[in-house]
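See structure below.
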Amino acid sequence: MLDSVSHNTFVPNPMICESLMSWSELFGTPEDSYMPVDHQTGDSSWTSIHPQYWSRNHVCEWLQFCCDQYKLDANCISFSHFNIDGQQLCNMSHEEFLNAAGICGEYLFFILQNIKAHGQYLFFPDDDKPYLRTEGLKSQEFQSHSRTSLQSSHLWEFVRDLLLSPEENCGILEWEDREQGIFRVVKSDALAKMWGQRKKNDRMTYEKLSRALRYYYKTGILERVDRRLVYKFGKNAHGWQDGKL
DNA sequence: CTACGGTTTCCTGCTT
DNA sequence: CAAGCAGGAAACCGTA
């Protein structure tokens, strides 16, 4: 689908942008999309370039990727605000992100900060070794047996990834004992709100989130720590030891 | 349509 | 008193 649209003419009309058209309305369904290499221009994929050097096309592709992979509601994103290159994107403040993408802004900002800091990594469940995505991965292959560090659908992985991104977690979570995998929930309400955003559930509370965390005791993902708001990764949790993602 | 895992929601009782 | 913690029970929801 992208191939049928000239990237150079992406959202040329501000009037269209302001109407907050969804991605699919503009470009078709997600299924048609995101090949790692731009076949039309021969450009490298955004995944292999630092955000600072992304072209406008790269920014568009990144946005599309986020909407697809992180199940973000494209309707709340003002695409006109993202008709910019990587340099401008990186210069956007947290506030500007919220302004441009509403409730999705929080997460998009978080994702971008993570990519800026760690690159676009993938993890393969089998060996859990970080794998830097390079060109040539087919989208199907990409979807079938890999995941990004941030798209994890499970709560404990969400918590883990937040913990591994100190620059982006806004002090919501803190390591108590890095070696032993003990961490503390500093801002319980913020954590619940962020998890709620992730699950598109604005009724999420720490009370309910913590119930889900307590279920992990049974499976060895988490271990009980006898202190308020403190948890510990269990033997069945993985990925939290590797310093940076 | 069924099974099932992983929550989500609610609740009662207890602790800090 | 407010905020957390413990789990049981049942509803929910996406995926196989």
Side-chain angles (χ1 to χ4, degrees), chain A residues 22-24 28-34 64-77 103-104 106-108 110-111 122-128 137-165 169-178 180-241 245:
Chain A
S22 72
W23 190 276
S24 57
T29 58
E31 287 74 31
D32 306 324
S33 60
Y34 72 81
Q64 182 181 25
F65 170 83
C66 290
C67 289
D68 293 347
Q69 289 297 299
Y70 306 131
K71 302 286 192 294
L72 299 180
D73 180 8
N75 289 313
C76 67
I77 299 174
I103 195 166
C104 293
E106 186 80 49
Y107 214 65
L108 280 174
F110 175 57
I111 291 164
L122 301 177
F123 280 82
F124 291 92
D126 293 338
D127 53 16
D128 204 47
L137 270 180
K138 295 284 187 293
S139 63
Q140 193 178 17
E141 182 183 356
F142 172 61
Q143 283 181 307
S144 64
H145 72 322
S146 62
R147 62 180 172 81
T148 69
S149 62
L150 289 170
Q151 77 175 87
S152 359
S153 57
H154 293 167
L155 173 58
W156 74 271
E157 293 169 306
F158 172 80
V159 167
R160 176 198 63 188
D161 295 340
L162 213 44
L163 223 29
L164 292 176
S165 309
N169 83 20
C170 308
I172 290 174
L173 293 166
E174 231 170 54
W175 286 109
E176 191 98 311
D177 186 325
R178 187 59 216 273
Q180 296 189 60
I182 300 174
F183 61 93
R184 188 158 47 89
V185 177
V186 181
K187 301 174 184 173
S188 56
D189 289 340
L191 179 65
K193 193 177 173 187
M194 204 156 176
W195 176 238
Q197 264 179 41
R198 180 57 203 286
K199 298 291 288 288
K200 295 200 196 314
N201 175 2
D202 52 9
R203 280 108 48 212
M204 183 48 60
T205 63
Y206 177 71
E207 184 76 20
K208 291 185 282 193
L209 184 155
S210 64
R211 179 68 190 98
L213 288 178
R214 288 196 291 278
Y215 269 124
Y216 287 133
Y217 295 147
K218 204 160 51 184
T219 53
I221 296 291
L222 292 179
E223 283 173 27
R224 186 164 291 133
V225 173
D226 230 22
R227 272 178 292 151
R228 282 189 159 207
L229 299 167
V230 178
Y231 299 85
K232 175 182 180 178
F233 286 117
K235 48 177 66 79
N236 291 326
H238 56 267
W240 57 269
Q241 298 97 330
L245 286 178

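Per chain, numbering begins at 1; letters A, B, ... match sequence-line order.
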Worksheet, complete the sentence: Rounded to whole Å, CG of Asn201(A) lies from P of dC12(C) at a distance of 14 Å
Practice prompt. Could you tell me whether Leu229(A) contacts a base, only the sugar-phosphate backbone, or nothing, with contacts defined as non-hydrogen atoms closer than 4.0 Å?
Written response: sugar-phosphate
Practice prompt. Heavy atoms of chain A, cut-off under 4.0 Å: which first and last nucleotide of DNA chain B, 5' to 3', fall inside that, if you could look?
Written response: dG6(B) to dT16(B)
Item to complete: Please check the phosphate of dC5(C) (OP1 and OP2 only) for any side-chain N or O of Tyr231(A) closer than 4.0 Å.
Response: yes
Worksheet item: Please give, in whole Å, the distance from dA10(C) C1' to Lys208(A) NZ?
Response: 15 Å
Practice prompt. Please determine if a side-chain N or O atom of Arg224(A) lies less than 4.0 Å away from the OP1 or OP2 oxygen of dA6(C).
Written response: yes
Discussion item. Within a 6.0 Å radius of atom NZ on Lys208(A), are there more than 12 heavy atoms belonging to other residues, nucleotides or ligands?
Written reply: yes
Item to complete: Under 4.0 Å between any heavy atoms, over every strand shown, what does Thr205(A) touch: base, sugar-phosphate, or nothing? Just pick one.
Response: nothing
Practice prompt. Rounded to the nearest angstrom, tell me the gap between atom CZ in Arg228(A) and atom C1' in dA6(C).
Written response: 13 Å
Worksheet item: In whole Å, what is the span from the CD atom of Glu207(A) to the C1' atom of dG8(C)?
Response: 15 Å
Fill in: Touch class at under 4.0 angstrom, heavy-atom based, for Tyr206(A) against every strand present
sugar-phosphate
Worksheet item: Under 4.0 Å between a side-chain N or O of Arg211(A) and OP1 or OP2 of dA11(C)?
Response: no
